[in-house]
Every structure is written in C-alpha cells, then in structure tokens.
There are 2 protein chains.
Amino acid sequence: MSARRPPTLEDVAARAGVSRATASRVVNDDPRVRESAREAVTAAIAELGYRPNRAARSLVVREPDSVAVLVHEPDQRIFADPFFGGMLRGVSQRLADTPLQMVLLMGEPARDAARMERYLRAGHTDGVIVVSAHRGDGLMAALSETRLPTVFVGRPLTEGPAFAYVDVDNREGGRIAARRLIERGCRRIATITGPTDMAAGIDRLAGWRDEMTAAGLATDAVEPGDFTPQGGTDAMRRLLAAHPDLDGVFVASDLMAAAAMAELQAAGRRVPDDVALVGFDAGAAASMTRPPLTTVANPVLEMAVRATELLLRLMRGEEVQPEVLPTRLVEGGTA
Amino acid sequence: MSARRPPTLEDVAARAGVSRATASRVVNDDPRVRESAREAVTAAIAELGYRPNRAARSLVVREPDSVAVLVHEPDQRIFADPFFGGMLRGVSQRLADTPLQMVLLMGEPARDAARMERYLRAGHTDGVIVVSAHRGDGLMAALSETRLPTVFVGRPLTEGPAFAYVDVDNREGGRIAARRLIERGCRRIATITGPTDMAAGIDRLAGWRDEMTAAGLATDAVEPGDFTPQGGTDAMRRLLAAHPDLDGVFVASDLMAAAAMAELQAAGRRVPDDVALVGFDAGAAASMTRPPLTTVANPVLEMAVRATELLLRLMRGEEVQPEVLPTRLVEGGTA
DNA sequence: AGCCGTTGTGAGAGCGCTCTCACGCAAGGA
DNA sequence: TCCTTGCGTGAGAGCGCTCTCACAACGGCT
C-alpha cells in the first residue's frame with residue numbers, strides 16, 4: 001500500500017473475483033448479472049471505496065453531461081435580486097430528472113467576459129442558458145461561434161443570429177401597469193424603467209408608452225433605473241424633483257419599487273393616496289412593503305423551466321420557437 | 001463527410017502534417033515546437049473547428065476540476081433570500097482564478113436528498129461547500145462517507161465527525177442586538193428566531209439570552225421563525241398576541257424583520273417609537289424598509305470567499321481550522 | 001574529425017472505462 | 001441423444017488525450 005492510487009474497476013473486479021466487464025455491469029445496473037456476482041462486486045466496491053472515474057466513462061459514452069447557466073451581471077444585483085435565485089432554482093428543477101449537471105458561470109460583463117468565453121469555447125459544456133443578457137456585451141457573437149445550443153431568458157437584443165429565448169410579455173406588462181394607474185384616475189404618471197440595454201427595460205417602457213399615448217397622457221416623466229434598490233431610490237428622487245406633481249408611477253421592478261416607495265414616503269407622499277405605485281415581478285419584495293405592492297406578475301420559475309425545456313430540445317437537435325409567457329396584475333395596496 | 005464525428009487531435013495532426021504529440025504540444029503551449037509547425041497546427045485547429053476533449057484530457061492528467069455547492073433549502077427560501085445569491089457570488093469569485101468549475105446542487109432536503117447524495121457519491125466532483133445545513137438531514141453522514149473535502153458555511157450541528165466550517169459570530173451578534181435594545185431602554189424584549197435546526201438560529205437566540213439574562217430581563221417572549229418573510233409575519237403576529245406589551249424585538253434575519261415591521265405597523269405600532277427592532281444580515285432588505293433596519297452585519301460574501309479558500313486548502317491536503325468572522329451593528333432607524 | 005549538448009519530433013504506452021463479441025453452460029425441444 | 005436457446009461471463013478493442021522515451025539533426029566544442 002504505497003502509491004495511494006484510487007481504486008479502479010479493475011481492482012474491484014479482482015477483489016470480487018470477476019472480470020472488469022462484470023464489475024462494470026454491476027456498476028451500471030445491467031440486469032444480466034447473477035445475484036452472487038452482484039453481491040461480491042457491491043461488497044468489493046464498498047470495501048475499496050471505489051468511485052467510478054467520470055472522465056473515463058464519458059470518454060466512451062459520448063453524451064452531454066452539463067449545461068451552463070450564464071449570469072452576466074454586476075455583483076450588486078445578483079446579490080440582492082431574487083430573480084436569479086428563482087432562475088437557478090427553475091433550471092435545477094427541470095434538470096433534476098436528467099443526468100445533466102448545472103454549471104454556473106457568474107461574472108461581471110467587463111471583468112469576466114473573457115474567462116467565460118474561454119470556458120464556453122473550451123467545450124466543457126453542452127448547452128447554455130443565458131440569464132439577463134445586455135445589448136452589446138459581445139456575448140452573442142461568441143456564443144454563436146461556439147455553435148453550442150443556447151437559450152436566452154429574456155429576449156436578446158441582437159441584429160445578428162436568431163437565438164431561442166423565453167420571455168414574459170413585458171410590453172403587455174407595461175400596458176397593464178399603465179392601464180391600472182390610468183383607470184385609478186392618475187393623470188401625471190411617471191415611470192422608472194429597467195436598464196435600457198435589456199429587452200425587459202425597453203419593452204416594459206414601450207408598453208407603458210402605448211397605453212399612456214392611447215389615453216392622451218404625457219410620456220415625458222421617464223427615469224432610467226437599473227433594477228437595484230439604489231437605482232430605484234435615485235430615480236424616484238430625480239422624478240420628484242423634475243415632476244413634483246406626479247400622482248402615479250410604474251416602476252419596472254419590485255426591488256426598485258420598494259425603494260422608490262420608501263423614498264416617496266420619506267418625501268411625505270402617501271402611497272397610494274398621493275402617489276399610486278405599480279411594480280413588476282410580484283416577487284417576495286412585493287409583499288414586504290407596507291402596503292404590499294400592486295405589481296405585474298413575472299413568472300420567473302416558469303421561465304426558467306421553459307428555457308431549460310427549450311434547451312433540452314435544442315440539444316436533441318429539434319427546432320424550437322421563442323416562447324413568450326403571459327402576465328397579469330397582482331393586486332396589492334399601492335394602486 | 002458522412003459520419004459527423006468531431007475532429008480529434010489526430011485529425012489536426014494529420015492536416016497539419018505533424019504527429020499527434022506535436023499537435024498536443026501546440027494545444028498545451030509547450031515551447032519546444034518550431035514556429036512553422038506551430039502555425040500549421042493552429043491553422044488546422046481553426047479549419048477543423050477542433051475542440052479538445054476534456055474527458056480524455058482529464059483521464060490522463062488527474063487533477064480536480066470542479067467544486068459542488070450544495071444548497072439544501074425549500075424552494076421558497078432560495079427564491080427570496082439574497083443570502084444564497086451572495087454565497088454563490090463569493091464562491092464563484094474565489095474560484096475565478098483557479099481552473100475549478102462551480103457546480104450547483106440545489107434541492108429540497110426531503111425531495112432531493114437522495115439525488116444529491118448519489119451525485120456526490122458518484123465522484124463527479126472534487127470538493128463540496130455546504131450552504132445552510134440543517135440538523136439531521138442525513139447529509140453529514142453521507143458526506144463523511146464520500147471522504148470528499150467539505151466545508152460548511154454555518155457551523156454544522158453534528159455529533160459525529162468534525163467538519164471544517166466558516167461562520168459569522170452569531171452568538172455575539174445576538175448579544176449585540178439585545179444590548180442595543182436594552183441600552184435604548186426597552187424592557188419587554190422579544191425575539192423571532194431562525195430555524196432551530198440550524199446553528200444560525202440557535203446561536204443568535206443564545207446570544208440574545210446571554211444579554212437578556214445578564215440584564216435581568218425575562219426571556220420568555222421567543223417565537224420561532226424560518227428566515228422567510230411569511231415566517232416573520234406569522235411570528236410577529238403570535239408575539240403581539242402573546243405579549244402585547246413588548247417594546248423591542250430582535251429578529252434573526254432582515255427578511256423576517258422587514259415583514260415583522262410591516263406587521264407591527266399594520267397593528268398600529270410605530271417603529272421604533274413604540275417597538276424597537278433589530279434585524280440580522282445587513283443585506284439589501286435592510287435598506288428597503290422605512291425607516292431602514294438597524295441590523296447586525298452578516299458578511300455573506302466574505303464567508304463564501306473564506307469557505308472556498310478553506311476548501312482549496314483541504315483539497316491540497318492541508319489541515320484547516322474553522323473560521324468565525326466577527327460582526328457588528330449596522331445603524332438604521334429602527335432601534 | 002570526433003564528440004557533445006540542444007532542440008524538435010514521433011512512436012507508442014496507457015489513463016479507466018464501456019461495449020461488442022464469442023463462449024461455456026444449463027435447460028428445454030426434437 | 002443432439003441441437004437449439006439464452007443467460008452469465010470474460011477477453012479485448014478502443015475512446016482522445018498526455019507524456020515518456022528515443023532519435024534525428026544540427027551546431028559548437030576539443
């Protein structure tokens with residue numbers, strides 16, 4: 001017992017007094033093994049502490065074994081936003097009954113893009129789910145070069161190759177939010193948008209514009225946010241300074257909405273009496289405020305599951321179509 | 001071009017007119033290759049779209065290539081709690097300059113324990129970081145059997161083998177929180193605890209008890225929570241019913257504290273004037289309430305980084321000691 | 001001229017596994 | 001009795017790669 005080499009199937013076979021082939025059959029649950037042989041092998045495995053070498057296995061049975069989830073966001077956001085937790089959860093859930101493993105690639109666009117790209121190019125993985133892609137982060141080009149099956153969560157903003165994606169109907173969500181504020185009697189309605197380099201930001205704003213224009217209301221009270229609480233606070237402050245007469249705000253995420261609401265209250269405005277508020281996401285943050293947020297549903301878990309489903313189909317070589325999930329208003333007490 | 005077999009190093013070598021060994025040298029940046037040969041191989045790689053087979057490589061150069069992060073929590077919590085995002089972020093950050101990949105294993109203790117255990121046993125991974133282990137979920141035994149290097153985030157509650165871990169000084173945190181409430185003049189101080197099967201829950205409560213007892217105050221107003229907003233709401237409601245005279249509450253997490261605060265306000269209590277509140281975590285949730293929470297710092301990112309560091313050391317065969325990080329009060333407006 | 005070291009290269013073994021193929025053997029049918 | 005089955009098994013090839021070892025070629029020495 002000098003060279004502390006981990007036991008191989010060969011060792012197991014020797015100890016059990018069978019051939020490597022039979023030992024392999026036991027490990028892989030092949031039914032064509034006599035019970036006594038099976039027991040001997042099982043015992044040998046236990047005694048030796050044998051663990052199959054995955055590399056050797058996958059060298060032979062060439063089949064996909066992992067899916068990468070790419071999260072391309074600055075630290076701060078991943079930290080705070082339950083969106084990502086839900087995403088991972090959904091992917092993991094759908095993958096549970098497949099042999100595929102979920103490999104997480106996280107990083108800031110600027111700092112880690114090169115490393116991520118290198119990893120993807122190296123072919124360590126068999127499919128990619130991109131969560132929250134931004135316009136122009138160079139990722140799309142790199143991805144389409146790798147020819148890896150890829151699904152985006154959130155419509156990718158790209159001129160180039162068409163990627164499969166799953167998204168919620170953000171534009172309709174924006175309309176729903178604006179409609180509620182208008183029907184409530186608000187006339188000076190502002191919006192805090194998401195990042196303007198993401199489809200979620202652009203589309204929610206567009207929906208809000210649709211409805212505002214249809215109602216003949218001004219659409220000039222627009223402040224960009226970045227989906228973080230701090231961004232919500234700042235945007236609300238700017239909004240109050242520029243449009244002190246506002247009586248309704250559509251905030252493109254609950255996290256920002258909660259922060260914006262705190263800012264409103266700090267400025268002495270009552271919610272919803274002075275200013276009505278509609279958020280977006282209907283996540284945990286919505287129920288943590290007082291009153292709870294009126295907000296637009298964002299089926300995060302479902303998107304994750306659907307995206308994974310699409311990816312699995314893509315990996316089987318099937319054609320897929322983008323999916324856009326419906327949304328609806330979730331009642332709270334802020335509008 | 002019939003059998004669409006991915007190109008191998010052999011193909012590259014043939015195309016470049018060199019041997020497999022030379023091609024391999026080029027791929028692995030071995031300096032001992034003539035410039036002309038290097039160019040030929042590089043060109044062949046590009047033309048053929050060659051990607052090295054990772055399995056074949058790691059079959060030969062036996063070195064660790066992945067680390068599993070085990071998250072053992074019900075859906076609901078992972079969804080909402082920024083703790084997990086921070087955790088993943090920290091691990092990913094520390095791993096960034098190593099060749100190790102982070103593999104995520106998520107699942108509910110009851111439903112997915114078997115699958116996780118199987119995965120770990122299968123030896124797909126070279127180290128494990130366990131995030132938020134509960135007492136008696138059988139994980140510890142399974143883990144110690146696999147003999148895989150393992151680090152816990154949060155002190156594991158186990159009688160058996162000693163695991164390496166990183167934790168924040170939860171007990172001291174509980175003391176800090178109680179002390180603040182006492183110094184503020186509160187006399188009827190309650191607490192909403194974390195899960196009683198987790199060290200974080202037990203230790204924070206113990207710290208609160210230390211300080212309360214030292215101050216000669218009653219320690220009977222204790223309601224268990226589960227770190228979720230809903231748990232915070234329910235516990236606060238029970239607390240108000242059982243101890244309507246309370247004037248201070250230590251809530252063992254910000255998420256619960258924010259919910260508890262909403263519940264207090266709904267019951268007509270002003271925070272902090274009628275009831276003072278101290279949370280735990282100092283995460284994003286703390287700054288989202290009005291007023292922002294006074295809370296005890298929980299260095300999530302740092303714990304993740306430290307835990308990963310310990311794991312790397314363990315994987316190199318070094319001895320490691322548990323690490324307990326200090327904490328402190330973060331000022332807000334609730335106590 | 002003869003020897004050495006250096007440099008670039010190729011042949012080939014072998015990593016641990018799966019899987020095909022062939023074979024021994026027992027049971028059943030002719 | 002002989003011939004089929006079919007089951008359990010073992011021998012052995014081969015997956016794509018790395019790495020050792022041997023060797024050719026070429027200076028620069030004595």
Side-chain angles (χ1 to χ4, degrees), chain A residues 3-45 48-66 99 121-126, chain B residues 3-45 48-66 99 118-119 121-126:
Chain A
R4 218 70 196 79
R5 183 180 51 79
T8 73
L9 198 55
E10 192 78 55
D11 302 329
V12 171
R15 178 153 195 142
V18 299
S19 75
R20 188 155 30 87
T22 299
S24 173
R25 289 187 186 102
V26 173
V27 171
N28 293 295
D29 279 326
D30 191 309
R32 303 169 316 174
V33 179
R34 204 189 315 146
E35 195 50 40
S36 62
R38 182 179 304 280
E39 279 164 18
V41 172
T42 309
I45 288 176
L48 268 50
Y50 168 74
R51 290 180 355 194
N53 181 321
R54 187 170 167 76
R57 176 174 209 289
S58 64
L59 184 56
V60 179
V61 291
R62 193 175 321 289
E63 60 186 15
D65 70 346
S66 77
R121 292 202 123 92
H124 298 330
T125 200
D126 310 283
Chain B
R4 216 69 195 83
R5 185 179 52 80
T8 72
L9 199 54
E10 192 78 56
D11 301 331
V12 171
R15 177 151 194 144
V18 299
S19 75
R20 187 155 32 85
T22 298
S24 174
R25 289 190 186 101
V26 173
V27 170
N28 293 294
D29 278 328
D30 190 310
R32 303 168 316 174
V33 179
R34 204 188 314 145
E35 195 50 41
S36 63
R38 181 180 306 280
E39 277 164 17
V41 172
T42 308
I45 288 175
L48 266 49
Y50 168 75
R51 290 182 349 196
N53 181 320
R54 187 170 167 78
R57 175 173 211 289
S58 64
L59 184 56
V60 181
V61 291
R62 195 174 319 290
E63 59 187 17
D65 70 345
S66 77
R118 196 176 341 119
Y119 183 80
R121 292 202 121 93
H124 297 331
T125 198
D126 309 284

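A, B, ... follow the sequence lines: proteins, then strands. Residue 1 opens every chain.
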**Q** Does OP1 or OP2 of C/dT18 have a side-chain N or O of A/Ser24 closer than 4.0 Å?
**A** yes
**Q** Between D/dG8 and A/Arg34, is there an OP1 or OP2 to side-chain N/O distance shorter than 4.0 Å?
**A** no
**Q** Between B/Val12 and B/Val41, is the side chain to side chain contact (heavy atoms under 4.5 Å, CB included) condition met? List the steps.
**A** CA-CA 7 Å; B/Val12 171; B/Val41 172; 4.0 Å; yes
**Q** Once you apply a heavy-atom cut-off of 4.0 Å, does A/Ala37 come out as touching a base, just sugar-phosphate, or nothing?
**A** sugar-phosphate
**Q** Rounded to whole angstrom units, what separation is found between the CZ atom of B/Arg57 and the P atom of D/dC19?
**A** 7 Å
**Q** Grab the CG-P distance between B/Leu59 and C/dG14 for me, whole Å please.
**A** 14 Å
**Q** Roughly how many Å is it from CG in A/Asp11 to C1' in C/dC17, rounded to a whole number?
**A** 13 Å
**Q** Less than 4.0 angstrom between a side-chain N/O of B/Asn28 and OP1 or OP2 of D/dT18, yes or no?
**A** yes
**Q** Judged by atom type as modelled, is there a donor-acceptor pair below 3.5 Å linking the side chain of B/Asp30 to the main-chain atoms of B/Arg32?
**A** yes
**Q** Report the distance from atom OG of B/Ser66 to atom CG of B/Asp126, rounding to the nearest 0.5 Å.
**A** 5.0 Å
**Q** Might you work through the side chain to side chain contact (heavy atoms under 4.5 Å, CB included) test for B/Val18 and B/Arg25, ending with a clear yes or no?
**A** CA-CA 11 Å; B/Val18 299; B/Arg25 289 190 186 101; over 6 Å; no
**Q** Quick one, B/Val27 and B/Arg57 - any side-chain contact, counting heavy atoms below 4.5 Å?
**A** no
**Q** Taking CG from A/Asn53 and C1' from C/dG14, how many angstroms apart are they, rounded to a whole number?
**A** 13 Å
**Q** Tell me the interatomic distance from A/Asp30, atom CG, to D/dG8, atom P, rounded to whole angstroms.
**A** 9 Å
**Q** Which nucleotide sits closest to the side chain of B/Val60: C/dG14, C/dA11, D/dG12?
**A** C/dG14
**Q** Which part of the nucleic acid does B/Val18 contact within heavy-atom distance under 4.0 Å: base, sugar-phosphate only, or nothing?
**A** sugar-phosphate
**Q** Can you measure A/Arg38 atom CZ to D/dT9 atom C1' for me and round it to whole angstrom units?
**A** 13 Å
**Q** Heavy atoms from C-beta onward define the side chain here; which of C/dC17, C/dC15, D/dA11 lies closest to that of A/Tyr50?
**A** C/dC17
**Q** Pick the nucleotide of DNA chain C nearest each of B/Ala56 and B/Ser36; which residue has the one closer to the 5' end?
**A** B/Ser36
**Q** Check whether any side-chain nitrogen or oxygen of B/Ser19 sits under 4.0 Å from OP1 or OP2 of C/dG10, and answer yes or no.
**A** yes
**Q** For C/dG10, does either OP1 or OP2 sit under 4.0 Å from a side-chain N or O belonging to B/Thr22?
**A** yes
**Q** Does C/dG8 have OP1 or OP2 sitting under 4.0 Å from an N or O in the side chain of B/Arg32?
**A** no
**Q** Mind calculating the distance between CZ (B/Arg51) and P (D/dG16) to the nearest angstrom?
**A** 13 Å
**Q** With no angle test and no hydrogens, is the base of C/dT18 tied to the side chain of A/Arg20 by a donor-acceptor pair under 3.5 Å?
**A** yes
**Q** Specify the separation, in whole Å, of atom CZ of A/Arg25 and atom C1' of D/dG10.
**A** 8 Å
